[in-house]
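The figures that follow rest on heavy atoms only: side chains count, while hydrogens, waters and symmetry mates do not. One-based numbering, in listed order, for ligands and for the atoms of each.
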Amino acid sequence: MLKVDAKTPQIGKIRIAARFIKAGGLVAFPTETVYGLGADALNAEAVRGLFEAKKRPLDNPPIVHVCDIKDACKLVEEVPPRAERLMRAFWPGPLTLILKRSRIVPDVTVAGLDTIAVRMPRHKVALALISESQSPISAPSANLAGKPSPTTAKHVIDDLDGRIDAVLDAGPTAIGVESTVLDVTVDPPQVLRPGGTTFESLKQILGSVKLDPAVTAEKPVAVGQVRSPGMKHKHYAPNAQVVVVEGQSSAVVSRVDELVAYYMGRGSKVGVLCTDETVDCHKADIVKSLGSRSNLATVARNLFASLREFDLQGVDVIVAEGVPLRGLGLAVMNRLRKASGYKIVKANGTN
Ligand code: TXA
Ligand code: MG
């Protein structure tokens with residue numbers, strides 16, 4: 001465990017971590033979104049180790065992280081003008097671009113696809129590690145496959161202790177949900193995973209941009225319709241069963257309470273995940289607020305840690321209030337719906 005300062009990372013510690021990367025090892029490190037588990041993206045053996053440590057299916061390629069635009073260009077066949085515009089507008093930052101990959105990238109790094117996911121993170125520790133490693137770094141989120149992504153070094157250790165070489169600990173991450181994955185090989189570009197860069201801000205730069213139907217899906221997507229490998233795998237799920245209640249706020253509150261009573265009546269330990277506006281309305285074994293609904297950045301920042309806390313507290317069922325789909329709310333709802341296995345209750349409707 002290497003503790004580093006997030007604003008002025010100690011170069012000695014970064015170099016220790018970089019030595020592991022260069023030797024084909026695995027190092028977890030903070031980004032502005034979540035902690036990533038890094039390996040040398042150009043070392044096929046190291047990347048294979050990455051999949052193994054995470055128990056991640058080999059058909060789901062991780063994101064390749066770079067520390068400048070020039071390095072991104074080496075990994076891809078071409079950078080279309082709109083991709084360049086996006087890099088200039090959003091990098092370093094929580095936007096991953098899907099581009100045609102170049103030949104220097106090993107097959108395993110992209111799971112045999114002819115495209116690659118590239119991003120430049122906005123975190124000094126991440127950028128210093130990539131730069132000192134002198135190679136792009138493949139880094140999925142540093143959790144066991146299927147678990148909520150880690151927003152602290154402790155979450156990383158809880159999942160991966162003994163399976164990786166080092167963790168750079170720079171405290172909790174700022175954004176709390178992963179980067180937005182945008183496919184720029186198609187016209188108009190398409191959001192495959194909503195994340196830290198909002199759809200609204202992409203629209204401002206691109207004019208025309210689409211959401212893949214899976215992003216807002218309320219049912220699991222049929223495997224034949226999947227456009228990103230990550231869409232077909234189980235994701236973000238705590239051990240507890242999650243139920244999401246969506247609709248108008250007052251209707252949601254009473255529907256949540258009905259569900260809490262139902263599950264508690266069956267002897268389950270029940271947690272409610274809600275916001276500051278409703279936290280005093282609920283009674284359950286544990287009630288947690290993600291922050292104010294008017295500040296969806298806070299809600300996003302607290303989401304994964306709260307899901308993990310419920311597990312540590314031995315909750316059997318988490319009843320979660322939905323949040324608005326605007327801004328970072330789109331990423332939050334996408335994660336919550338997936339975590340629930342699409343167990344979604346409409347407060348105004350009938351199901
Ligand atoms: O914020 C983040 O993006 C974090 C931090 C560590 O940077 N990383 C992260 O990586 O979330 P990962 O590997 O857990 O998620 C990458 C997502 C997956 O859903 C994967 O299926 C998708 O990107 N992806 C990767 N390569 C792709 C490709 N060539 N085409 C379409 N989707 C791709
Ligand atoms: Mg992940």
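Taking every heavy atom of both residues into account, T31 and T173 meet most closely at O-CG2, 3.3 Å. For the pair P150 and R308, the tightest heavy-atom approach, listed with the atom from each and the gap, is N-NH2, 4.4 Å. Nearest heavy-atom pair, D276 versus S292, reported as atom, atom and distance to 0.1 Å: OD2-N, 3.4 Å.
Judged by distance alone, the side chains of S249 and E277 never bring a donor and an acceptor atom under 3.5 Å apart. A donor atom on one side chain and an acceptor atom on the other are not found under 3.5 Å apart for D257 and S254.
Salt-bridge formation is not detected for the pair R101/E77: no Lys NZ or Arg NE/NH1/NH2 atom is positioned less than 4.0 Å from an Asp or Glu carboxylate oxygen.
Backbone or side-chain N, O or S atoms of S141 reach the Mg ion (ligand 2) at under 2.8 Å.
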Atom pairs, nitrogen or oxygen, ligand 1 to protein, under 3.5 angstrom:
{"unit_1": "ligand 1", "atom_1": "1 (O)", "unit_2": "T33", "atom_2": "OG1", "d": "2.6"}
{"unit_1": "ligand 1", "atom_1": "1 (O)", "unit_2": "S179", "atom_2": "N", "d": "2.7"}
{"unit_1": "ligand 1", "atom_1": "3 (O)", "unit_2": "S179", "atom_2": "N", "d": "3.3"}
{"unit_1": "ligand 1", "atom_1": "3 (O)", "unit_2": "S179", "atom_2": "OG", "d": "2.5"}
{"unit_1": "ligand 1", "atom_1": "3 (O)", "unit_2": "R193", "atom_2": "NH2", "d": "2.9"}
{"unit_1": "ligand 1", "atom_1": "7 (O)", "unit_2": "H65", "atom_2": "NE2", "d": "2.6"}
{"unit_1": "ligand 1", "atom_1": "7 (O)", "unit_2": "R119", "atom_2": "NE", "d": "3.0"}
{"unit_1": "ligand 1", "atom_1": "7 (O)", "unit_2": "R119", "atom_2": "NH2", "d": "3.0"}
{"unit_1": "ligand 1", "atom_1": "11 (O)", "unit_2": "R193", "atom_2": "NH1", "d": "3.1"}
{"unit_1": "ligand 1", "atom_1": "11 (O)", "unit_2": "R193", "atom_2": "NH2", "d": "3.3"}
{"unit_1": "ligand 1", "atom_1": "13 (O)", "unit_2": "R56", "atom_2": "NH1", "d": "3.2"}
{"unit_1": "ligand 1", "atom_1": "13 (O)", "unit_2": "R56", "atom_2": "NH2", "d": "2.9"}
{"unit_1": "ligand 1", "atom_1": "14 (O)", "unit_2": "R56", "atom_2": "NH1", "d": "3.4"}
{"unit_1": "ligand 1", "atom_1": "14 (O)", "unit_2": "S141", "atom_2": "N", "d": "3.3"}
{"unit_1": "ligand 1", "atom_1": "14 (O)", "unit_2": "S141", "atom_2": "OG", "d": "3.3"}
{"unit_1": "ligand 1", "atom_1": "15 (O)", "unit_2": "R193", "atom_2": "NH1", "d": "3.1"}
{"unit_1": "ligand 1", "atom_1": "21 (O)", "unit_2": "N60", "atom_2": "OD1", "d": "2.6"}
{"unit_1": "ligand 1", "atom_1": "21 (O)", "unit_2": "S228", "atom_2": "OG", "d": "3.3"}
{"unit_1": "ligand 1", "atom_1": "21 (O)", "unit_2": "G230", "atom_2": "N", "d": "2.6"}
{"unit_1": "ligand 1", "atom_1": "29 (N)", "unit_2": "T115", "atom_2": "OG1", "d": "2.9"}
{"unit_1": "ligand 1", "atom_1": "32 (N)", "unit_2": "S228", "atom_2": "OG", "d": "2.8"}

